[in-house]
Amino acid sequence: MLIKGYDAGPLVAGESLLARPGFWSNYLLAMCSNGGCAERPVPEWFGDDGADTNALSEILFDPERWPVFRVPAEAGPGAVVIYRNLDGDYGTDYLLTHAGRSYVQQIAGWDGDVTGTGLTWHELIRIADNPASTVEGVQDTATRLLLVLPLLSDLDVPEAASARLTSALTAIGAPQDTASSTAGHLLAHITRRSVHDPAWASPLSGGRGVIRSAGHSME
């Protein structure tokens, strides 16, 4: 797999890992692990256990294989998530793809917290609900939403966001009796970490944006 700007990285398609036990704990649990939640985050929130989570982390963070998760959209920008497994510089990169164009645009990264330019809730939903069936990548709308969720930088999410996120979590195996509270934890953490700059504009509108977090900003 080739993505411009990642020529030195051993990129591999990661979509087959999405159904593996422990994936969603690895991918989303850290969002609630820096004091944003009153409860201690645990893999069981996502229907996983610690052993599965630890086992899959060995695969996700393998320096010899960098998993890539493609979220192509039928119309408008899609997204790509890359586990950047550089020795001593592990992180996750979030890219936007543009239909009919060969280039990708990095808009955010995870290195202990998300920094970069985010998207609104409605932009996330547009990506999630418009899979491109003729392009390789994730087609399931619930999975697509959860993959792009870390890009959310919208303080004013609609009331329906919690129910939509709860439905997505149950679809990937989160316990039905706790999925709603897990959705609440995720949304609470995201909305607390992101503060709009007065000049904030979504990258989908052609503007530049800022996500500010604990002493760090990136434009």
Side-chain angles (χ1 to χ4, degrees), residues 1 9-71 79-95 108-115 124 128 137-152 162 164-193 213-214:
M1 180 180 296
L11 304 183
V12 295
E15 287 85 12
S16 64
L17 300 175
L18 293 168
R20 295 274 297 270
F23 175 81
W24 292 108
S25 294
N26 273 287
Y27 190 69
L28 293 175
L29 198 61
M31 294 173 61
C32 295
S33 297
N34 67 352
C37 297
E39 298 180 43
R40 176 178 174 270
V42 292
E44 285 75 14
W45 286 3
F46 301 93
D48 299 328
D49 61 34
D52 287 333
T53 301
N54 290 337
L56 195 61
S57 70
E58 297 294 324
I59 298 172
L60 288 172
F61 298 102
D62 182 358
E64 302 298 322
R65 295 170 62 85
W66 297 9
V68 176
F69 302 91
R70 296 160 292 182
V71 189
V80 175
V81 180
I82 299 177
Y83 274 75
R84 172 178 29 86
N85 294 334
L86 286 168
D87 188 20
D89 186 27
Y90 290 85
T92 308
D93 292 339
Y94 298 90
L95 317 177
W110 170 273
D111 294 280
D113 203 351
V114 172
T115 56
L124 295 187
V138 180
Q139 302 296 319
D140 176 69
T141 56
T143 305
R144 291 166 63 88
L145 175 58
L146 294 175
L147 281 172
V148 297
L149 183 64
L151 289 172
L152 181 63
S162 180
R164 177 66 190 268
L165 187 52
T166 298
S167 177
L169 288 167
T170 57
I172 56 88
Q176 291 187 359
D177 58 341
T178 59
S180 179
S181 62
T182 300
H185 285 304
L186 289 168
L187 288 174
H189 176 86
I190 293 170
T191 54
R192 288 170 185 165
R193 87 171 176 222
S213 62

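All heavy atoms count here, side chains included; hydrogens, waters and symmetry mates do not.
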Legend entry - Heavy-atom closest contact (Arg84 atom, Asp89 atom, distance):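 Looks like NH1-O, 3.0 Å.
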Legend entry - Leu18 vs Leu147 side-chain heavy atoms within contact, under 4.5 Å: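 With C-beta onward as the side chain, the pair touches.
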Keeping [X] on the side-chain end and [Y] on the backbone end, is there a donor-acceptor pair under 3.5 Å?
X     : Y     : answer
Glu15 : Arg70 : yes
Ser25 : Gly22 : no
Asp52 : Pro21 : no
Arg65 : Ile59 : no
Asn85 : Asp62 : yes

Inset, instruction - Sequence neighbours left out, what passes side-chain contact (heavy atoms from CB on, under 4.5 Å) with Asn54? Give chain and number order. - result: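 Asn54: no side-chain contact (heavy atoms from CB on, under 4.5 Å) contacts found.
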Legend entry - Nearest-0.5 Å distance that lies between atom CG in Asn26 and atom CG in Leu60: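 These two atoms lie 5.0 Å from each other.
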Inset, instruction - Using the six-membered ring wherever Trp is involved, compare the ring planes of Trp24 and Tyr27 and label them parallel, tilted or perpendicular (cut-offs 30° and 60°). - result: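 Because their plane-to-plane angle is over 60°, the rings of Trp24 and Tyr27 count as perpendicular.
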Could you go through residues 176-184 and list every donor-acceptor pair under 3.5 Å that involves a side-chain atom there, pairing it with any protein atom two or more places apart or in another chain?
unit_1: Ser181; atom_1: OG; unit_2: Thr178; atom_2: O; d: 2.8
unit_1: Thr182; atom_1: OG1; unit_2: Thr178; atom_2: O; d: 3.1

Inset, instruction - Kindly write out the residues that satisfy ring-ring contact (aromatic ring centres under 6.0 Å, His included) with Phe46, not counting sequence neighbours, or none if the list is empty. - result: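 With sequence neighbours excluded, Phe46 shows a ring-ring contact (aromatic ring centres under 6.0 Å, His included) to no residue whatsoever.
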